[in-house]
Colleague: 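Structure below; questions to follow.
In the text below, chain A, chain B and the rest are named by the order of the sequence lines, each starting its count at 1. Since the model is a prediction, treat every value here as computed from it, not as a measurement.
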Protein chains: 2
Amino acid sequence: MNQEIKDRFDAFVKKKGLRKTGQRDAIFRAAFANEEHFTAEELLERTKAIDPNTSRATVYRTIPLLIEAGLLREIDLGGDLKHYDPNFNDHPDHAHLICVDCGKVIEFSDANLQVLEDCIVRRLGFRPSTSSLRIEACCEQLRQTGTCENLINARLVRRKLPVR
Amino acid sequence: MNQEIKDRFDAFVKKKGLRKTGQRDAIFRAAFANEEHFTAEELLERTKAIDPNTSRATVYRTIPLLIEAGLLREIDLGGDLKHYDPNFNDHPDHAHLICVDCGKVIEFSDANLQVLEDCIVRRLGFRPSTSSLRIEACCEQLRQTGTCENLINARLVRRKLPVR
DNA sequence: TTGGGTGCAAATCGTTTGCAACAGA
DNA sequence: TCTGTTGCAAACGATTTGCACCCAA
């Protein structure tokens, strides 16, 4: 768990005149225990492993808090369930590539893309706020060989594309 | 209503061994009557104006058909309701900019963006499939003057950014 | 004729909410 | 103490489904 982010959450809670509770701590720890994306139900499961007393309602009430604090983002991975991404603190501008062959998710950053999006928004007469890019793509290697070196042993992979 | 798209839908229905029905025709016409995005419930409303006999269940059963036929796309406009976009036939590569000040949606195309996305996907070792880009942005003019010339008299605006 | 299509209402499922008990500050 | 917080269960709202009847082919 990232202590700096936890401090930001605690500060946010205090500034709003809210209270620091055991359940909120447990939910926070569950959300930021690792880099995996999760659904509300998955967060409940993870939280119960830390504090079995935490209820579904409290999880559902805490997620919007984490989002309002700017620590968590809702992302669209396709499918019917809402997913949440705890990685925007360390990687503020990442986007998602979803392998249509195996469903795994690759988080990537590309400086060219950030610049281009910024230009587009300005040319349209706006000031940039947030953007979310989801790319679905096919993994040729997986299709041809039945496996895919990029994805072995990881549900989630991160790539930083160097400018060139 | 676009006759070419209608022909494609009819051909799709026939090829799948399904039947051409009055309700499916009405739902199709409602979906492609104009370029506005819509939710399932809005599509039901529009369809009832054409054929009052059409039921909610049939609308919900027909939307996946239109998507499978490649004529309609689900899009993420933020918020809790699913929205559908009938404009990918005429504008296959457009993305969405959502004004956080007034909520209106601008569809735009940018060739540079398409090329860059293609490059990114290949550099990550994949073959491009589909992508969806949603940008949230602030309209300075609206904030400062209380109005916004780009958006007056239109819920949806389209822009094509020339390469330069 | 016949198997797919439809409308209706009930069921489902993720999420929200009312309320009484609880607990930080 | 004084409010915000919680757990529970009921409520909610979008979507799906079972079933009897309907109708396109």
Colleague: Counting any heavy atom closer than 4.0 Å, what does A/Asn53 reach on the DNA or RNA strands: base, sugar-phosphate only, or nothing?
Modeller: sugar-phosphate
Colleague: If the plane angle is over 60° it's perpendicular, under 30° parallel, otherwise tilted; pick one for B/Phe9 and B/Phe28.
Modeller: parallel
Colleague: What I want to check is whether the side chains of A/Gln3 and A/Asp7 have a donor and an acceptor closer together than 3.5 Å.
Modeller: yes
Colleague: Counting N and O atoms only, with roles assigned by atom type, does the side chain of B/Arg134 sit under 3.5 Å from a partner on the main chain of A/Arg134, one being a donor and the other an acceptor?
Modeller: no
Colleague: For side chain to side chain contact (heavy atoms under 4.5 Å, CB included), just list the numbers for B/Arg56 and B/Glu41, CA-CA rounded to whole Å, side-chain angles, deciding distance to a tenth of an Å, and then say yes or no.
Modeller: CA-CA 8 Å; B/Arg56 173 174 286 104; B/Glu41 206 63 23; 2.3 Å; yes
Colleague: Just to be sure I understand the rule, does B/Leu18 reach a base, reach only the sugar-phosphate, or reach nothing, if contact means heavy atoms closer than 4.0 Å?
Modeller: sugar-phosphate
Colleague: Check the distance between D/dT15's C1' and B/Leu43's CG and give it to me in whole angstrom.
Modeller: 14 Å
Colleague: DNA chain D: B/Ala40 or A/Gly22, which has the more 5' nearest nucleotide?
Modeller: A/Gly22
Colleague: Please determine whether a side-chain nitrogen of the Lys or Arg among B/Arg122 and B/Asp118 lies less than 4.0 Å from a carboxylate oxygen of the Asp or Glu.
Modeller: yes
Colleague: Rounded off to whole Å, could you give me the CG-to-P distance for the B/Leu81 and D/dA14 pair?
Modeller: 6 Å
Colleague: Within this structure, what is the NZ-to-P distance between B/Lys82 and D/dA14, rounded to whole angstrom?
Modeller: 12 Å
Colleague: Please report, rounded to the nearest Å, how far the P atom of D/dT15 is from the NE2 atom of B/His83.
Modeller: 10 Å
Colleague: Please find the earliest and latest nucleotides of DNA chain C, in the 5' to 3' direction, that have an atom within less than 4.0 Å of any heavy atom of chain B.
Modeller: C/dG3 to C/dC8
Colleague: Side chains of A/Thr58 and A/Gln23: do they bring a donor and an acceptor to under 3.5 Å?
Modeller: no
Colleague: Run the numbers on A/Arg159 and A/Leu97 for side chain to side chain contact (heavy atoms under 4.5 Å, CB included), then give the verdict.
Modeller: CA-CA 10 Å; A/Arg159 295 300 185 77; A/Leu97 183 149; over 6 Å; no
Colleague: What residues in residues 56-79 of chain B put a non-hydrogen atom under 4.0 Å from any atom of DNA chain D?
Modeller: B/Arg56, B/Ala57, B/Tyr60, B/Arg61
Colleague: Any idea how A/His94 and A/Phe88 line up, ring-wise: parallel (<30°), tilted (30 to 60°), or perpendicular (>60°)?
Modeller: parallel
Colleague: Using atom CZ of B/Phe38 as one end and atom C1' of D/dA14 as the other, report the distance to the nearest whole Å.
Modeller: 16 Å
Colleague: Does B/Glu41 or B/Arg19 map to a spot on DNA chain D nearer the 5' end, using the closest nucleotide for each?
Modeller: B/Glu41
Colleague: Between the base of D/dT5 and the side chain of A/Arg24, is there any donor-acceptor pair under 3.5 Å?
Modeller: no
Colleague: Return the 5'-most residue of the pair B/Asp80, B/Ser55 with respect to DNA chain C, ranking by each residue's nearest nucleotide.
Modeller: B/Ser55
Colleague: Under 4.0 Å, heavy atoms only, any strand: does B/Thr54 hit a base, just the sugar-phosphate, or nothing?
Modeller: sugar-phosphate
Colleague: If we count only N and O atoms by modelled type, under 3.5 Å, do the side chains of A/Arg158 and A/His91 hold a donor and an acceptor together?
Modeller: yes
